[in-house]
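Structure record follows, encoded as structure tokens.
Every heavy atom of this structure was used, including side-chain atoms; hydrogens, water molecules and symmetry mates were not. Quick note on labels: first sequence line is chain A, next is B, and so on, each numbered from 1.
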Protein chains: 4
Amino acid sequence: MAENIAEKKKAILESTLKLIQQNGFHGTPMSLVAKEAGVAAGTIYHYFDSKDTLILELFAYTQRQMQLTLQQGLHPEMDFEESFFLRWINRCQFYIDHPEVLFFLEQFVNSPFYPRCTQQSDHYQNEIKEFIELGNQHGILRDMPPKLMAMMIHSSIMTAAKVHITGKAHLSEKEFTQLAQMNWDGIRKL
Amino acid sequence: MAENIAEKKKAILESTLKLIQQNGFHGTPMSLVAKEAGVAAGTIYHYFDSKDTLILELFAYTQRQMQLTLQQGLHPEMDFEESFFLRWINRCQFYIDHPEVLFFLEQFVNSPFYPRCTQQSDHYQNEIKEFIELGNQHGILRDMPPKLMAMMIHSSIMTAAKVHITGKAHLSEKEFTQLAQMNWDGIRKL
Amino acid sequence: MAENIAEKKKAILESTLKLIQQNGFHGTPMSLVAKEAGVAAGTIYHYFDSKDTLILELFAYTQRQMQLTLQQGLHPEMDFEESFFLRWINRCQFYIDHPEVLFFLEQFVNSPFYPRCTQQSDHYQNEIKEFIELGNQHGILRDMPPKLMAMMIHSSIMTAAKVHITGKAHLSEKEFTQLAQMNWDGIRKL
Amino acid sequence: MAENIAEKKKAILESTLKLIQQNGFHGTPMSLVAKEAGVAAGTIYHYFDSKDTLILELFAYTQRQMQLTLQQGLHPEMDFEESFFLRWINRCQFYIDHPEVLFFLEQFVNSPFYPRCTQQSDHYQNEIKEFIELGNQHGILRDMPPKLMAMMIHSSIMTAAKVHITGKAHLSEKEFTQLAQMNWDGIRKL
DNA sequence: GATGAATGAGTGTTCATTCAT
DNA sequence: TATGAATGAACACTCATTCAT
């Protein structure tokens with residue numbers, strides 16, 4: 001049963017994610033989410049207080065989902081540059097493998113929701129920021145506010161993934177590395 | 001009179017822009033646009049067929065507005081690098097001076113509207129792309145699809161402006177140049 | 001000028017008639033009437049107090065138009081039966097030649113307008129009724145309230161014309177006479 | 001509960017019918033239907049996709065309602081003439097007992113809806129037409145397209161009922177029979 | 001817990017009508 | 001006279017949310 005509950009909640013979250021990708025934020029009424037998730041409309045309100053809550057939790061859900069993938073292959077002995085590339089690729093790969101998440105985030109970040117959840121939003125990019133701070137301390141990177149640098153990197157990653165997904169330019173593995181390289185050359189001390 | 005007409009249409013466009021910045025796309029009902037523009041609800045429909053049309057025209061309107069600013073200070077004799085920096089700064093400055101436009105574009109681009117207007121959308125970034133192609137031909141830039149490179153640059157500019165506007169990191173003139181530099185170092189042949 | 005006025009008013013009436021045939025009563029906004037008639041929306045209100053007035057006057061207009069055709073070929077010496085057939089055919093022919101009028105009347109008669117104008121409505125069928133009364137006095141017809149008989153006849157005529165116009169059954173001249181005959185056999189004393 | 005659903009849908013249909021009789025087709029907004037039916041505006045849309053659908057279903061509803069009454073007293077051994085009179089009276093009586101239906105049909109038939117539903121519309125008068133065809137085969141009736149004859153008869157019935165209802169001429173039972181007789185004399189072979 | 005019928009405020013849009021020019 | 005931009009009440013319809021079962 002406990003599993004059942006979790007499953008139902010998850011089904012709702014996944015349905016919402018999928019529908020938002022297809023129809024956008026306000027092309028996704030609760031009734032449609034319910035149908036897609038195979039539950040009654042009212043059921044959603046057992047798990048989420050409101051549509052706002054659902055979307056806010058969906059953000060948290062995607063963040064959690066991401067954490068797992070993002071650490072793949074990282075280990076403490078890696079040097080900074082190598083770590084940067086792996087992180088860049090990991091994140092970009094995640095967005096490519098989960099386009100629903102990418103589209104959701106793009107909409108979420110530019111909606112009135114995002115500003116409301118600064119705490120969580122910090123998590124959203126804190127990881128990058130902390131990594132940057134590390135590089136800064138080692139004197140490897142340009143002298144630039146880490147937060148700023150983190151945002152620049154992140155937007156590059158998202159853009160790269162988006163270009164790939166939407167098919168505006170199909171990217172080979174080599175090209176992804178090239179893009180990471182481009183980012184790397186932009187931030188490292190020359 | 002002719003002026004009057006233009007003024008009313010402009011008032012509607014500007015009101016919409018402002019309200020979308022504040023409340024987002026679907027937090028901006030036509031009734032509110034009307035009130036803000038100081039016209040009756042029905043009046044909007046003399047100038048725009050529908051809300052969709054209004055938003056689509058608003059996109060075109062912002063693009064036209066931008067064109068004027070973007071060329072400032074450019075002249076044919078400039079060398080490529082200098083031109084790059086000026087263009088970068090001009091565009092970034094425009095977004096900073098017109099945050100409504102920045103917020104509108106971010107929403108617009110991630111909405112179901114954008115895909116519908118590829119022709120115009122081409123104009124949206126074609127300028128950058130063509131400039132990049134020029135640099136490519138002169139062998140100044142990395143070997144990378146110009147469209148891709150254009151999108152990477154543009155997303156960097158928007159991110160920089162957004163960081164500045166939202167106050168997440170206040171940027172001095174020096175820092176803007178630094179950011180442009182960062183972008184430049186990323187795309188030029190090292 | 002006087003002519004001009006009459007012409008403009010007529011243009012409005014005719015446009016309304018035509019549009020109502022095509023789009024029905026409430027598929028015919030004043031703005032469309034204006035466009036079709038080649039006048040400004042406001043101009044209509046110089047000639048008609050309101051849309052209701054316009055429609056009411058349109059009814060009167062069609063009635064006047066009809067009067068002219070209806071008397072064709074009639075002369076006092078005709079015997080009653082002959083006169084009946086001629087009247088029947090004349091009226092049916094009018095509806096066939098002026099389908100706009102037929103469609104307008106069908107809508108008008110079943111709208112909230114009709115009950116409001118009993119005086120004019122009397123004219124609408126009075127002619128038939130009076131003719132029937134004549135036949136009654138001569139003992140040619142069944143014993144039945146003339147008003148009732150008039151309505152039965154009129155509805156037969158309209159139905160015949162409608163069937164012909166809508167193409168549900170194409171009627172030859174012979175068949176029209178047959179229909180008139182059928183009506184005649186129904187009302188005359190056998 | 002199942003009953004409840006049916007009841008609510010029926011309440012909406014009946015309210016619409018009643019309001020259309022009083023105010024006509026476009027004097028009957030959905031909000032009024034809702035109020036009259038004692039439901040919320042949105043509720044109507046659980047049962048009907050749109051106002052158009054509601055009206056279309058209302059047509060089907062009235063047709064179903066009619067079928068029941070129309071067969072009363074008919075049995076196979078009746079001779080054709082007797083059957084004709086009974087059918088004529090049954091139908092006329094139905095319209096008199098259900099004036100809302102009569103008024104609705106008059107509007108419906110002359111609206112843009114009717115042409116859209118030819119299949120159902122066939123049912124609408126097919127019964128009469130088939131009966132006529134039978135008479136034709138037995139050589140009892142004039143030589144005339146059955147469809148045409150059917151329409152003539154039907155319009156006579158409706159007109160008779162309408163005259164009675166609107167009080168333009170109060171009809172006694174004798175007079176109804178007289179009217180049926182008039183119709184009969186019109187169509188039978190003399 | 002789960003349902004889905006019911007709600008009703010809110011949305012985009014239309015259109016008869018007015019009035020400054 | 002004639003215009004047509006402007007009005008705003010009214011409309012069909014949507015959808016987040018509630019609640020009896």
Quick one: does any side-chain atom of D:Thr43 pair with a main-chain N or O of D:Val39 as donor and acceptor, under 3.5 Å?
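Not a single qualifying donor-acceptor pair exists.
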
Does B:Pro29 or D:Val39 map to a spot on DNA chain E nearer the 5' end, using the closest nucleotide for each?
D:Val39

If you assign each of D:Ile44 and B:Thr28 to its closest nucleotide in DNA chain E, which residue comes earlier from the 5' end?
D:Ile44

Please tell me whether B:Phe113 and B:Phe25 form a close aromatic pair, meaning their ring centres lie under 6.0 Å apart.
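Yes, the ring centres sit under 6.0 Å apart.
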
From [atom1] of [X] over to [atom2] of [N], roughly how many Å is that when rounded to an integer?
X       : N      : atom1 : atom2 : value
C:Lys9  : F:dT1  : NZ    : C1'   : 15 Å
C:Leu32 : F:dG4  : CG    : C1'   : 16 Å
C:Leu19 : E:dC15 : CG    : P     : 13 Å
B:Lys35 : E:dG10 : NZ    : C1'   : 14 Å
C:Met30 : F:dG4  : CE    : P     : 16 Å
D:His26 : E:dA16 : NE2   : C1'   : 12 Å
D:Asn23 : F:dA10 : CG    : P     : 15 Å
B:Asp52 : E:dT13 : CG    : P     : 7 Å

Of the candidate nucleotides F:dA6, F:dA2, E:dG12, which contains the atom at the shortest distance from the side chain of C:Lys8?
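Out of F:dA6, F:dA2, E:dG12, the nucleotide with an atom closest to C:Lys8's side chain is F:dA2.
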
Can you tell me which nucleotide in E:dT7, E:dA5, F:dG8 comes closest to the side chain of B:Ala40?
F:dG8

Contact between A:Glu106 and A:Lys162 at the side-chain level, heavy atoms closer than 4.5 Å - yes or no?
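Result yes, sub-4.5 Å side-chain heavy-atom pair found.
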
Which residue pairs satisfy the salt bridge (Lys or Arg N to Asp or Glu O under 4.0 Å) criterion with at least one member in residues 39-49 of chain B, sequence neighbours excluded?
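Output for this query is empty, none listed.
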
Protein N or O to nucleotides 18-20 of chain E N or O, pairs below 3.5 Å:
none

So, OP1 or OP2 of F:dT17: does either fall under 4.0 Å of a side-chain N or O from A:Lys51?
no

A:His46 side chain N/O closer than 4.0 Å to the phosphate oxygens (OP1, OP2) of E:dA2?
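Checking A:His46 against E:dA2: no side-chain N or O falls below 4.0 Å of OP1 or OP2.
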
Which residues pass the salt bridge (Lys or Arg N to Asp or Glu O under 4.0 Å) test with [X], not counting sequence neighbours?
X        : answer
D:Glu36  : D:Lys18
D:Asp52  : D:Arg116
D:Glu100 : none

Parallel, tilted or perpendicular, judged at 30° and 60°: which one describes the rings of C:Phe59 and C:Phe104?
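Ring orientation of C:Phe59 relative to C:Phe104: tilted.
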
Could you write out DNA chain E as dot-bracket? Rules: Watson-Crick or G-U wobble, both distances under 3.5 Å, brackets [ ] for crossings, | for pairs with another strand, dot for unpaired.
.||||||||||||||||||||

Between A:Glu14 and A:Tyr61, does any side-chain donor sit less than 3.5 Å from a side-chain acceptor?
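Checked: A:Glu14/A:Tyr61 side chains pair up, N/O donor to acceptor below 3.5 Å.
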
